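Read the structure below first, then the notes.
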Amino acid sequence: MKYLMIDTNIYIDMVVARNQDHKPESYNHLLKLLDYGEIRVLIPKIVITEVFRHIDNEIDKIGQGIKHIKSTINGFYWVNSNEEIEQFNEKLKPVKKGINGLIDEFERSKNKYKENSRNLFNKLFNHNNTIIINETEDIVFKATQRKIHKLRPFHYGKDKDSMADSIIIETLINIKDLMTFDDDVIYFISRNPSDFSKNEKEGKDLLHKDIKLSLVEKEIIDQVHYRLLFTKTLLEDFKNETEHVGLIEELEAEKEWETEMRIQESKDYEIEMNREAGGLTPLSADYDEIIAELDPIQDLIYRLEQFQKELTVRYENYAEIYSFLGDELGSRNFQEVLELAANFNEQKPLLELDIEGCNDENDLVNEIFSIVHELCLDVNEIEVDDMFHYQDYFESNATLAIIRGFNGEQYRIDTLGSLSPSNGESDNIYLSIYKNEQRIKEAIITINYGFLDFDEDGNAGDGREESIDINTEDIIQEIESIKNRVISEIDLKHKVLKRIIENLGIIVD
């Protein structure tokens with residue numbers, strides 16, 4: 001009997017088109033082969049756990065990606081000419097409408113997508129020709145031993161969590177202890193050569209020696225075949241079975257497509273090896289994280305943090321004296337509050353208290369606070385948490401902070417720019433401050449990815465250094481300016497409120 005054992009990443013690729021390695025037809029092909037009883041699928045239980053753990057998150061990423069596109073489009077601008085801008089906005093309208101339509105459609109359907117995906121996998125995992133293999137204590141122990149000794153899929157010097165992969169590999173190695181396995185063969189398919197393969201460049205199709213030696217010890221090395229491409233495996237290793245169910249023509253077309261993707265992967269791998277040899281950052285690196293570690297960005301986040309802290313302290317000080325006034329007025333009877341109001345009016349302020357229509361102490365207190373709210377701030381309507389929001393990490397295509405002033409103005413700090421790391425190329429991220437949707441300051445973060453080529457003899461040839469250029473001085477100055485304006489407004493209102501309390505004849509400590 002021929003068995004298929006498929007890694008988690010390929011199952012997820014069957015229902016989420018997150019890359020071009022596998023087409024959605026893969027699921028139907030596999031199910032058709034199972035329905036006809038041509039093959040059996042072995043599924044370590046940990047794979048089922050991993051699939052259901054990640055599928056919702058992968059579907060959510062689709063929505064996040066569309067929203068990033070919307071954010072990018074909303075940041076587009078044109079030359080400062082009325083006629084040109086009008087034409088630009090008209091052309092942009094259908095694009096925005098289409099993106100908004102995608103977002104609405106995704107939001108309406110995302111729960112259905114998740115449910116459908118779970119149903120598809122349940123149908124596959126519960127199929128009569130599917131064999132689910134539970135991990136035993138012995139399997140978990142052996143998987144842990146791999147971790148301790150840094151045997152593949154673990155890597156020496158790396159902290160990557162590969163326990164699930166290790167359980168999958170130990171299930172494969174110890175298959176004879178887990179089920180009847182005589183003259184059968186297993187085709188193990190995974191899109192994870194960095195953890196399972198001998199070498200990502202020349203030995204990509206071969207299992208790493210750490211795994212191979214274990215299979216030799218178990219005397220099943222000739223019964224286990226390692227593959228990277230799902231469709232190619234069905235065509236070449238399950239040719240008779242696919243002919244029986246009429247899949248040959250479909251698979252031939254997919255095989256050509258898979259091969260092209262494989263060639264591109266090899267080119268990408270060579271580029272990464274050259275970059276590593278030249279000390280350049282991998283193109284697959286998290287550049288948001290790299291940018292976040294830069295001193296100017298760290299300083300920016302620090303300034304936002306200090307802004308929030310100072311705003312909170314100053315506003316709480318104001319709220320404290322506001323509450324003090326409320327407590328003082330609430331502890332007095334009508335005659336006592338009336339006397340306070342009279343004290344205030346004797347100071348001949350621009351706004352006098354109208355005490356003629358006040359029938360009790362509540363009327364008087366409301367009248368006093370109407371003056372306070374006219375000249376100062378109403379803490380019942382303004383929450384400090386609503387005035388300032390910021391995220392304490394850098395992220396492209398995101399809003400880093402929203403700041404609301406006391407006069408209706410709103411400031412927003414956005415990052416805009418799509419990163420497509422490519423050898424020798426560069427990308428820009430725009431860091432902007434908006435006031436009421438009008439951009440008032442902008443800084444540009446330029447990422448130069450650099451490159452390094454080698455000649456046929458392995459000697460370094462043409463190259464260019466990598467760099468990240470950024471100047472946030474204007475942005476920092478504007479943030480400080482906004483902070484000073486907001487804080488000064490609170491301080492001024494605090495002084496006015498204190499003067500009102502004193503004019504009422506209440507002693508303030």
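Keep in mind that this is a model prediction, so the values were computed, not measured.
Side-chain N or O atoms of R412 include none that pairs as donor or acceptor with a backbone N or O of T399 at under 3.5 Å. Checked by atom type and distance alone, the side chain of K441 never pairs as donor or acceptor with a backbone atom of S432 at under 3.5 Å. S467 places no side-chain N or O within 3.5 Å of a backbone atom of N448 that could act as its donor or acceptor partner. Formation of a donor-acceptor pair under 3.5 Å by the Q391 side chain with backbone atoms of A398 is not found in this model. Not a single donor-acceptor pair under 3.5 Å links the side chain of N407 to the backbone N or O of E409. Of the possible donor and acceptor atoms, one in the side chain of S370 sits under 3.5 Å from a partner among the backbone N and O of E367. No donor-acceptor pair closer than 3.5 Å links the side chain of D462 to the backbone N or O of D453. A donor-acceptor contact shorter than 3.5 Å is absent between the side chain of D7 and the backbone of N9. Looking only at distances, no side-chain donor or acceptor of N436 sits under 3.5 Å from a matching main-chain atom of Q438.
Counting non-hydrogen atoms of neighbouring residues, nucleotides and ligands closer than 6.0 angstrom, the NZ atom of K495 reaches no more than 12 such neighbours. Within 6.0 Å of CD in E465 there are 12 or fewer heavy atoms belonging to other residues, nucleotides or ligands. Surrounding CZ of R499 are at most 12 heavy atoms belonging to other residues, nucleotides or ligands under 6.0 Å away. When the shell of 6.0 Å around CD of Q477 is examined, it contains more than 12 heavy atoms from other residues, nucleotides or ligands. No more than 12 heavy-atom neighbours from other residues, nucleotides or ligands sit within 6.0 angstrom of CD1 on I507. Atom NZ of K498 has 12 or fewer neighbouring heavy atoms from other residues, nucleotides or ligands inside a 6.0 Å radius. No more than 12 heavy atoms of other residues, nucleotides or ligands shown are found within 6.0 angstrom of CD on E276. Around the NZ atom of K150, the shell of radius 6.0 Å holds more than 12 heavy atoms that belong to other residues, nucleotides or ligands.
Residues passing the salt bridge (Lys or Arg N to Asp or Glu O under 4.0 Å) test with K123, sequence neighbours excluded: none.
A distance of 11.0 Å separates CG of N122 from OG of S117, quoted to the nearest 0.5 Å. Rounding to the nearest 0.5 Å gives a distance of 11.0 Å between CZ of R332 and CG of D327. Note: L300 CG to I470 CD1 = 8.0 Å, rounded to the nearest 0.5 Å. In this structure, OG in S323 is found 10.0 Å from OH in Y318, a value given to the nearest 0.5 Å. Between the CD atom in Q145 and the CG atom in L151 there is a gap of 9.0 Å [rounded to 0.5 Å]. Atom CG of L280 and atom CG of N423 lie 7.5 Å apart (nearest 0.5 Å).
Checking Y430 against D414 by side-chain atom types alone, no donor-acceptor pair falls below 3.5 Å. Using modelled atom types, one finds no donor on one side chain facing an acceptor on the other under 3.5 Å when comparing D469 with T446. Under the 3.5 Å distance criterion, with hydrogens and angles disregarded, a donor-acceptor pair is assigned to the side chains of S194 and N192.
Side-chain contact check for I139 versus T136: some heavy-atom pair is nearer than 4.5 Å. Proximity of D392 to E305: side-chain heavy atoms (C-beta onward) are nowhere separated by under 4.5 Å. For the pair H155/D195, a side-chain contact is recorded, criterion being any heavy-atom separation below 4.5 Å from C-beta on. For the pair N503/E346, no side-chain contact is recorded, criterion being any heavy-atom separation below 4.5 Å from C-beta on. Annotation: side chain of I433 is in contact with side chain of I482 (closest heavy-atom distance under 4.5 Å). Taking the side chain as every heavy atom from C-beta outward, I355 and F344 never approach each other to under 4.5 Å. Within the 4.5 Å cutoff, side-chain heavy atoms of L30 are placed close to those of M14. Counting only heavy atoms from C-beta outward, the side chains of F406 and I490 approach each other to under 4.5 Å.
Under 4.0 Å is where a charged nitrogen must lie from a carboxylate oxygen, and between R118 and E115 no such pair does. Residues R275 and E466 are paired through a salt bridge, judged by an N-O separation under 4.0 Å between the basic side chain and the carboxylate. With salt bridges taken as basic N to acidic carboxylate O contacts below 4.0 Å, one links R314 and D491. Salt bridge annotation for K114-D60: present, with a cationic side-chain nitrogen under 4.0 angstrom from a carboxylate oxygen.
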For this session: Begin with the C-alpha distance, continue with both residues' side-chain angles, and end with the deciding distance and a verdict on ring-ring contact (aromatic ring centres under 6.0 Å, His included) for F230 and Y11.
Result: CA-CA 10 Å; F230 179 78; Y11 281 118; 8.7 Å; no
For this session: Please assess E105 against R108 for the test salt bridge (Lys or Arg N to Asp or Glu O under 4.0 Å), listing each intermediate value before the final yes or no.
Result: CA-CA 5 Å; E105 181 180 346; R108 284 195 306 269; 5.4 Å; no
Exercise. N317 and I321: side-chain contact (heavy atoms from CB on, under 4.5 Å), yes or no, with the steps?
Worked result: CA-CA 7 Å; N317 288 341; I321 194 173; over 6 Å; no
For this session: With ring-ring contact (aromatic ring centres under 6.0 Å, His included) as the test, would you mind laying out the steps for F388 and Y315 before giving the verdict?
Result: CA-CA 12 Å; F388 193 99; Y315 191 73; over 10 Å; no
For this session: May I have the step-by-step check of side-chain contact (heavy atoms from CB on, under 4.5 Å) for I429 and I468, ending in yes or no?
Result: CA-CA 11 Å; I429 294 178; I468 300 180; over 6 Å; no
For this session: Take L497 and F324, measure what side-chain contact (heavy atoms from CB on, under 4.5 Å) needs, and give me the verdict at the end.
Result: CA-CA 11 Å; L497 179 56; F324 168 77; over 6 Å; no
For this session: Applying side-chain contact (heavy atoms from CB on, under 4.5 Å), run through T171 and I46 and close with a yes or a no.
Result: CA-CA 10 Å; T171 300; I46 188 66; 5.9 Å; no
Exercise. What's the verdict on salt bridge (Lys or Arg N to Asp or Glu O under 4.0 Å) for E478 and R485, showing C-alpha distance, side-chain angles and the deciding distance?
Worked result: CA-CA 11 Å; E478 186 61 32; R485 288 196 294 272; 3.6 Å; yes
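In this structure, G278 and L452 approach most closely via the heavy-atom pair CA-CD2, 3.4 Å. The minimum heavy-atom distance between A143 and E170, with the atom names listed, is N-CG, 3.7 Å. Taking each heavy atom of P153 and S162 in turn, the nearest pair found is O-OG, 3.7 Å. In terms of heavy atoms, C376 sits closest to V496 at SG-CG1, 3.6 Å. For P193 against L228, the heavy-atom pair with the smallest separation is CB-CD2, 4.4 Å. Considering every non-hydrogen atom in both G357 and D354, the closest pair reads N-OD1, 4.3 Å.
In this pair, F106 and Y113 present their aromatic rings tilted. The plane angle is within the 30 to 60° band. Between F125 and F121, the angle of the ring planes stays under 30°, which puts this pair in the parallel group of the 30/60° scheme.
Applying the side chain to side chain donor-acceptor pair (under 3.5 Å) test to residues at least two apart or on different chains, the pairs with a partner in residues 285-302 are D288-S396, D299-R303.
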